[in-house]
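Fair warning: this is a prediction, and the values are worked out from it, not measured in the lab.
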Amino acid sequence: MPGAGDLFAIDLAPPFPFSLAAQMDSVDVGEFLRGVFDSNFANRGIMDLSMRLAGDFENLIEMKGQGKISVRDSALWAIPVFQ
């Protein structure tokens, strides 16, 4: 992700601002979601993900971010939104 910066950074003074950047490529969706949705067969596919979040711990609902997710060769039937 262009301009992503550090993987994780946090200021040690209140209000404890933080930033998080992550990127995953060719992740097995079934393994990634294991234990989140109760299904051994319904979640499969390959996922690419990039994201960046920033905020502070005194105002978590004000957190801002951006990201992109791509899923291919998938079946996501255990996730209600995709049903």
Side-chain angles (χ1 to χ4, degrees):
M1 183 174 210
D6 296 333
L7 173 66
F8 180 70
I10 185 169
D11 193 334
L12 297 178
F16 306 106
F18 66 89
S19 64
L20 169 71
Q23 181 169 337
M24 296 184 279
D25 294 313
S26 300
V27 174
D28 181 299
V29 171
E31 291 293 317
F32 184 76
L33 295 175
R34 185 187 305 191
V36 177
F37 296 100
D38 192 19
S39 175
N40 292 331
F41 69 92
N43 297 320
R44 61 183 183 271
I46 304 298
M47 174 179 69
D48 298 329
L49 168 82
S50 61
M51 70 173 195
R52 181 182 177 134
L53 300 173
D56 66 64
F57 286 102
E58 288 184 2
N59 236 337
L60 288 178
I61 61 172
E62 298 284 327
M63 185 174 13
K64 300 204 186 292
Q66 63 184 18
K68 178 181 175 184
I69 186 169
S70 153
V71 181
R72 61 189 180 278
D73 303 322
S74 64
L76 302 172
W77 293 113
I79 304 171
V81 141
F82 287 97
Q83 289 178 2

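- Legend: residues meeting side chain to side chain contact (heavy atoms under 4.5 Å, CB included) with Asp25, ordered by chain and number and at least two apart, are Gln23, Asp48.
- In this structure Val27 satisfies the side chain to side chain contact (heavy atoms under 4.5 Å, CB included) test together with Met24, Phe32, Met47, sequence neighbours excluded.
- Contacts of Glu31 classified as salt bridge (Lys or Arg N to Asp or Glu O under 4.0 Å), with partners at least two apart in sequence or in another chain: Arg34.
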With a 3.5 Å cut-off and sequence neighbours excluded, list the donor-acceptor pairs that the side chains of residues 54-64 form with protein atoms.
unit_1, atom_1, unit_2, atom_2, d
Asp56, OD1, Glu58, N, 3.0
Asp56, OD1, Asn59, N, 2.9

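- Not a single side-chain hydrogen bond (donor to acceptor under 3.5 Å, both in side chains) links Asp11 to another residue, sequence neighbours left out.
- A continuous path of Ile, Leu, Val, Met, Phe, Trp and Tyr side chains, each step under 4.5 Å between heavy atoms, connects Phe18 with Phe16, placing both in one hydrophobic cluster.
- When the side chains of ILVMFWY residues are joined at heavy-atom separations under 4.5 Å, either directly or via intervening members, Met51 and Ile10 end up in a single hydrophobic cluster.
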